[in-house]
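Reviewing the structure listed below.
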Amino acid sequence: MRHRSPQLSGRSMRGKKCRQVLSWVQFQAFVAFPMALIFQSEEMCLVQLFFQAESAYCCISELGELGLVQFKDLNRGTTTFQRKFIKEVRRCEEMERIFWFLEKEITKAGIPMTDASVLGEAPCARELLELESVIEKVDKDLTEINSSHEALKRNLMELLEMKYLLQMIQDFFEEVP
């Protein structure tokens, strides 16, 4: 089914007719009835939702926080690179990779973490951009610290090796009459 973007017509201040085309995003979702949890055996209905592109993020995050919606992929036949929101998906995947890296480093350092099973509200788009820049900076700094730590460990091993070598040479010359 092809979807046309709705067009709004109006008149400008000078009397010229102008058209403003709004971009719309289409979603298909299974919606559970209120007060129900999403289980396979529960009764659900299939609905189609249309949002303006600018408000899609806020609307979808609100629906997700309700926990009553399961989204259906309308682009199952397309490759990942042909999808409309591939840049946003890649950014989210990169942030997920950074979070996994940070979690691994925190666990390796023995720092206690709070329980992450309790999910908070989805951040707004601006907060998401700020979060992305902060975690990218932390990722860059931590990667640099890790590489410096590895270099320092290598230098320590080389210096210890030199120290033991010098001690052996000193012992050898002290034994020679």
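Reckoned from all heavy atoms, side chains included, excluding hydrogens, waters and symmetry mates.
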Share the residues that join Ile111 in a hydrophobic cluster, the rule being Ile, Leu, Val, Met, Phe, Trp or Tyr side chains under 4.5 Å apart at the heavy-atom level. Ile106, Met113
Pairs where residues 124-136 contributes a residue and the test salt bridge (charged side-chain N to carboxylate O under 4.0 Å, His left out) is met, not counting sequence neighbours: Arg91-Glu132
Going by side chain to side chain contact (heavy atoms under 4.5 Å, CB included), name the residues that satisfy it together with Ile135, two or more places apart in sequence or in a different chain. Met95, Ile98, Phe99, Leu131
Distance check, rounded to the nearest 0.5 Å: Glu105 atom CD versus Ile145 atom CD1? 9.5 Å
Of all heavy-atom pairs linking Phe51 and Cys59, the shortest is CE2-CB, 3.4 Å
Non-neighbouring partners of Lys137 that pass salt bridge (charged side-chain N to carboxylate O under 4.0 Å, His left out), sequence neighbours left out: Asp141
Tell me the closest heavy-atom pair linking Ser61 and Cys58, and the distance in Å. OG-O, 2.9 Å
Which pairs would a plain distance check flag for residues 149-168, meaning a side-chain donor or acceptor within less than 3.5 Å of a matching protein atom at least two apart in sequence or in another chain?
none

Which residues share a salt bridge (charged side-chain N to carboxylate O under 4.0 Å, His left out) with Glu103, sequence neighbours left out: none
Determine whether Val138 and Leu128 fall in the same hydrophobic cluster, where Ile, Leu, Val, Met, Phe, Trp and Tyr are linked whenever their side-chain heavy atoms lie under 4.5 Å apart. yes
Results of side chain to side chain contact (heavy atoms under 4.5 Å, CB included) for Thr143 - residues two or more places apart only: Phe101, Asp139
Applying salt bridge (charged side-chain N to carboxylate O under 4.0 Å, His left out), name anything that partners Lys87, two or more places apart in sequence or on another chain. none
